[in-house]
Number of protein chains: 2
Amino acid sequence: MNKRQIQKKKTRELILQMAKAEFVKKGFLNTTTSEIAEKAGIAHGTLFLHFKNKDSLIVEILDRELEEISSIIQNLISRAIDLEQLLLQYLDLLQEEEELFVVLARELPFYNEELRRKILFRDSIIRSHFHKAIELGIKEKRYRDVDVTSAVMFLFGTINYYLSLKPIFLKEGSVIKKFKPSIVKTFKQLLISD
Amino acid sequence: MNKRQIQKKKTRELILQMAKAEFVKKGFLNTTTSEIAEKAGIAHGTLFLHFKNKDSLIVEILDRELEEISSIIQNLISRAIDLEQLLLQYLDLLQEEEELFVVLARELPFYNEELRRKILFRDSIIRSHFHKAIELGIKEKRYRDVDVTSAVMFLFGTINYYLSLKPIFLKEGSVIKKFKPSIVKTFKQLLISD
DNA sequence: CCTCTCGATGAGTATTCAGTCACCGAGTTA
DNA sequence: TAACTCGGTGACTGAATACTCATCGAGAGG
């Protein structure tokens, strides 16, 4: 790679980096391309040399993030840990990238078809792992005979709710951290007889 | 009231009516003041003679709707029905005005402070009734010893999730109607030992 | 060293909207 | 019926914001 190519790649990475920072802070919908350019220290027009439009920039950022998160989840799964451990570690993961997930929880319904499908596809994979883990538990009589799909929806719906309304639940800090124990406890109560 | 006053009131009501129809169909954020004016068959500027700005129009519409819904809920509560009946009737209510609740579930995080507080205040009253009903059940040993706040969050979070992502769950019809049985069943399972 | 390439620039364009205001004319008042 | 009131009009303004393009100049290539 010659000087030009190096600089080009550098600029592109800088845009991605600054864009992610802004998106996480203010949401995708409320971040302007001018702001991103400003933060990256480049001209507004330059951004469009690297990305066809704002949407494709968002798609690329989310693709990277989701890919990374998915692989971490895959990792958790493959270690065949039990449901409680899986849930705890999943919540840890959400907590680490909480700002991003807050934005996703809020804005998902407003994204275009392509983006929504991508996000929900990753989501459905994660859900399916929980689904299987619960099914197994029922089969082995460790869990009560619940409606598995419905139970999974309760879990993901609740998490989504906490994320999307985060500012109501606390001024600062992590909602996931705060409610992790009660989420886990209540979900276990749904699955396990006392 | 003379002719002028009657006409004025008529226009105002027409705006409110058309605005609500558009808001319910396309959401508050995606409805323009021009569209509302057009649907109401008035000039764009006329809208601003009746409402200071778009926000105050939204606030008035939602105030009316929420007031009505609250009074219906109060009515349900006062009849001292059991939790299952309360939940079923609450879901019926959501189902009747489902389009509105879908919009609220999606857009709530984006409303201004005033509007969000109003909506969440009404919401918290409803939640508190469920809260009390569950507490009573626990005290009377009819229900398991669950974390009441957490249980209520599971319920409302799940409902909110179904509403906000409605198009994913079905092409047409009512999400609430479709998932009512599984929501009720799973929530009962959380509360009642088998 | 000369020419060409191409990444970067930023002023400019197009569009979308909320909100304004000078003016109009039907209805009210005296 | 003349003067006045006031609800309604719609072209206009201003702000926000995604995206374009003529131009520049550092670096590549011969």
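A note on names: the letters A, B, ... follow the listed sequences, proteins ahead of strands, and every chain is numbered from 1.
In this structure, Tyr161(A) has its ring center at least 6.0 angstrom away from the ring center of Phe156(B).
Within the 4.0 Å cut-off from OP1 or OP2 of dG8(D), at least one side-chain nitrogen or oxygen of His50(B) is found. Between Ser34(B) and the phosphate of dT16(C), there is no side-chain N or O to OP1/OP2 separation shorter than 4.0 Å. An OP1 or OP2 oxygen of dT9(D) is reached within less than 4.0 angstrom by a side-chain nitrogen or oxygen of Thr46(B). Proximity of Thr33(A) to the phosphate of dT17(D): no side-chain N or O atom is located under 4.0 Å from OP1 or OP2.
Evaluation of atom-type donor-acceptor distances gives no pair under 3.5 Å for the side chain of Arg4(B) against the base of dG7(D).
Note on Glu35(B) versus Lys25(B): no salt bridge recorded, every NZ/NE/NH1/NH2 to OD/OE distance being 4.0 Å or above. Under the 4.0 Å criterion applied to side-chain N and carboxylate O atoms, Lys9(A) and Glu13(A) are not assigned as salt-bridge partners.
For Gln7(A), taking side-chain heavy atoms from C-beta onward, the closest of the listed nucleotides dG19(C), dA8(C), dG7(D) is dA8(C). Which of dT9(D), dA18(C), dC19(D) sits closest to the side chain of Phe48(B) comes down to dA18(C). Listed nucleotides dA8(C), dT9(C), dG27(C) differ in distance to Thr11(A); the shortest reach to its side chain belongs to dA8(C). Considering only the side chain of Ala43(B), dG10(D) comes nearest among dG7(C), dT9(C), dG10(D).
Projected onto DNA chain D by closest heavy-atom contact, Thr32(A) and Leu49(B) fall at different nucleotides, the more 5' of which corresponds to Leu49(B). Nearer the 5' end of DNA chain C, as judged by each residue's closest nucleotide, is the contact made by Leu29(B), out of Asn2(B) and Leu29(B).
Counting non-hydrogen atoms of other residues, nucleotides and ligands closer than 6.0 Å to CZ of Phe121(B) gives a total of 12 or fewer.
Separating the NZ atom of Lys10(A) from the C1' atom of dG7(C) is a distance of 14 Å, rounded to the nearest angstrom. Rounded to an integer number of Å, the gap from Lys9(A) NZ to dG7(C) C1' is 17 Å. In this structure, CD of Glu22(A) is placed 13 Å from P of dA18(D), rounded to the nearest angstrom. Summarising the geometry, the separation between CG on Leu57(B) and C1' on dC17(C) is reported as 15 Å, rounded to the nearest angstrom. When the P atom of dG27(C) is taken as reference, atom CE of Met1(B) falls 16 Å away, rounded to whole Å. Rounding to whole angstrom units, CD of residue Gln5(B) and P of dG8(D) are separated by 12 Å. If you take CD of Glu38(A) and P of dG10(C), they are 12 Å apart, rounded to a whole angstrom. One atom, CD1 of Ile15(B), and another, C1' of dT9(D), lie 13 Å apart when rounded to the nearest Å.
Residue Ile42(A) is classed as a sugar-phosphate contact, given heavy-atom separations below 4.0 Å to backbone atoms only.
Residues Arg116(B) and Glu113(B) meet the side-chain proximity criterion, which asks for heavy atoms closer than 4.5 Å.
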